[in-house]
Each structure stands twice: as structure tokens, then as C-alpha cells.
Amino acid sequence: MRLEEFIKELEIYAGRGLSLIVERVAKEFEGKDEREKIFYTVQKLQEMFGVGVVAPILRALAKKIEPVHDELSKKDNKVIVSNCYFRSLIEHSGLRPMEHAFCWLCFGKIESFYQNVMYDFPHKENMCIFLMKS
């Protein structure tokens, strides 16, 4: 996922005002790789607007961008994301998975593949498990 793609799709869902804020905030993270730029930009948005505002936008946006998770597998009624590139960044922020707005990009992408999915707390070591409701 590239920052430019993220901003373009964000503008479609949330308007030009928010995409301008994202462009400005992203400049603070020059020198980081693309995924880290997006992660830290989303974190800054979460600090400004709260997870309740940012998460639904990202959840909808996820259906239009390339996957953000590294490994996705389906076993029985479970969808498992393992080896998440962002896990250490999320935990370093003091939050658990799904408490950080960025996680909703992954959740939204999973929803685009599988219907009736919900996150299963607590998470296991370096894995997020989503249950598929029947």
C-alpha cells in the first residue's frame, strides 16, 4: 500500500479536508517506509479525532486498497492473521490489536473476503483471530 493510494481513497470516503490533513501529517514521517508512514499518520488521526471516528472510515477504505496483513489463513470457522508487520508498532503505542484504528484496515479487508466476521479477544501471540459467524 502506498501513501498516495491511501490518501486518494481516503478523499473518496472522507472528503478533501481529511485527505489534506493526512498529507500534512504524513510529512512528519518522511524517511519511514510507506507502511510505517501510513501507520503513524493513522495514529496521529486517532489522537486528533478518536478511534470511533477514524476506525469506520478505515474499515470502509480497506475494501478498496491492497491488503495490509502479511499472512492470512482460514481454519474451520476462524480467519487468522499471523506475523502482522504492524503488531510491534501497535503494542509500542500501548494499545492492543483492534484498539488501534489502523487495525480496522485489516478487519475491513477481511470483511471483504468473508461475511459475518468478528474479532476474537484475547489475541494470541503475534496472531489476530477472527471468528466467522454462521
Side-chain angles (χ1 to χ4, degrees):
M1 169 179 25
R2 302 206 31 87
L3 183 61
E4 294 81 21
E5 174 190 7
F6 178 78
I7 291 171
K8 179 182 169 193
E9 293 295 332
L10 182 64
E11 186 171 331
I12 292 168
Y13 284 97
R16 181 73 180 138
L18 188 57
S19 68
L20 287 172
I21 292 170
V22 168
E23 286 176 8
R24 193 167 297 143
V25 168
K27 289 179 183 175
E28 294 178 32
F29 306 109
E30 289 297 322
K32 298 199 178 291
D33 75 29
E34 288 291 309
R35 295 190 291 182
E36 287 178 339
K37 274 193 231 178
I38 294 169
F39 176 86
Y40 287 118
T41 300
V42 166
Q43 184 167 308
K44 197 74 150 177
L45 290 176
Q46 180 172 333
E47 291 168 7
M48 293 187 324
F49 301 110
V51 70
V53 171
V54 180
I57 295 169
L58 297 178
R59 185 177 181 184
L61 181 65
K63 293 168 178 67
K64 295 289 186 181
I65 60 176
E66 67 184 66
V68 295
H69 46 263
D70 291 336
E71 294 181 30
L72 180 68
S73 60
K74 182 179 178 282
K75 293 180 183 172
D76 301 320
N77 69 332
K78 297 176 182 173
V79 178
I80 300 167
V81 177
S82 56
N83 298 324
C84 175
Y85 174 84
F86 302 100
R87 184 59 159 262
S88 63
L89 297 173
I90 292 165
E91 290 175 351
H92 183 71
S93 72
L95 299 173
R96 297 182 322 175
M98 300 307 289
E99 293 176 345
H100 197 289
F102 191 86
C103 294
W104 290 85
L105 277 170
C106 183
F107 183 62
K109 184 52 83 174
I110 290 169
E111 282 183 316
S112 72
F113 296 130
Y114 305 103
Q115 298 287 321
N116 299 316
V117 177
M118 63 182 217
Y119 185 67
D120 182 27
F121 286 96
H123 63 280
K124 296 194 187 275
E125 185 66 31
N126 206 24
M127 265 194 278
C128 290
I129 299 172
F130 299 84
L131 300 177
M132 297 171 54
K133 299 182 280 184
S134 49

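This chain uses plain numbering: 1 for the first residue, then up along the sequence.
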Which is it for Val81 and Phe130 under the side-chain contact (heavy atoms from CB on, under 4.5 Å) test, yes or no, and what are the steps along the way? CA-CA 8 Å; Val81 177; Phe130 299 84; 3.9 Å; yes

Start with the C-alpha distance between Lys44 and Glu28, add both sets of side-chain angles, then the distance that settles salt bridge (Lys or Arg N to Asp or Glu O under 4.0 Å), and finish with yes or no. CA-CA 10 Å; Lys44 197 74 150 177; Glu28 294 178 32; 3.6 Å; yes

Report the C-alpha distance between Phe86 and Val42 in whole Å, list the side-chain angles of each, state the deciding distance to 0.1 Å, and finish with yes or no for side-chain contact (heavy atoms from CB on, under 4.5 Å). CA-CA 12 Å; Phe86 302 100; Val42 166; over 6 Å; no

Glu5/Arg2 under salt bridge (Lys or Arg N to Asp or Glu O under 4.0 Å): CA gap, chis, key distance, verdict: CA-CA 5 Å; Glu5 174 190 7; Arg2 302 206 31 87; over 6 Å; no

Would you check, one step at a time, whether the test side-chain contact (heavy atoms from CB on, under 4.5 Å) holds for Asn116 with Met132? CA-CA 6 Å; Asn116 299 316; Met132 297 171 54; over 6 Å; no

Can you check side-chain contact (heavy atoms from CB on, under 4.5 Å) on Val79 and Ile129, steps first, answer last? CA-CA 6 Å; Val79 178; Ile129 299 172; over 6 Å; no

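For Lys37, the side chain to side chain donor-acceptor pair (under 3.5 Å) partners two or more places apart in sequence, or in a different chain, are Glu34.
Heavy-atom contacts from other residues, nucleotides or ligands closer than 6.0 Å to NZ of Lys63 number more than 12. Surrounding CD of Gln115 are at most 12 heavy atoms belonging to other residues, nucleotides or ligands under 6.0 Å away.
In the hydrophobic clustering of this structure, Ile90 groups with Leu61; members are Ile, Leu, Val, Met, Phe, Trp, Tyr whose side-chain heavy atoms approach within less than 4.5 Å, directly or through other members.
The salt bridge (Lys or Arg N to Asp or Glu O under 4.0 Å) analysis of residues 13-22, with sequence neighbours excluded, yields the pairs Glu11-Arg16, Arg16-Glu23. Within the structure, ring-ring contact (aromatic ring centres under 6.0 Å, His included) contacts touching residues 15-35 (residues at least two apart or in different chains) are Phe29-Tyr40.
Summarising the geometry, atom CD1 belonging to Ile12 is positioned 12.5 Å from atom CD1 belonging to Ile7; distances are rounded to the nearest 0.5 Å. Note that the CG atom of Leu89 and the CZ atom of Arg35 stand 9.5 Å from one another [nearest 0.5 Å]. Within the model, atoms OH of Tyr13 and CG of Leu58 stand 11.5 Å from one another, a figure rounded to the nearest 0.5 Å. With values rounded to the nearest 0.5 angstrom, Ile80 atom CD1 is found 10.5 Å from Ile110 atom CD1. Here CZ of Phe39 is found 12.0 Å from CG of Asp33. Values are rounded to the nearest 0.5 Å. Glu111 contributes atom CD, which lies 12.5 Å from atom CE of Met118 (distance to the nearest 0.5 angstrom).
Residue Gln43 comes nearest to Ser93 through the heavy atom pair OE1-CB, 3.6 Å, listed as atom of the first residue, atom of the second, then distance.
Between Ile57 and Trp104, every side-chain heavy-atom pair lies at or beyond the 4.5 Å cut-off.
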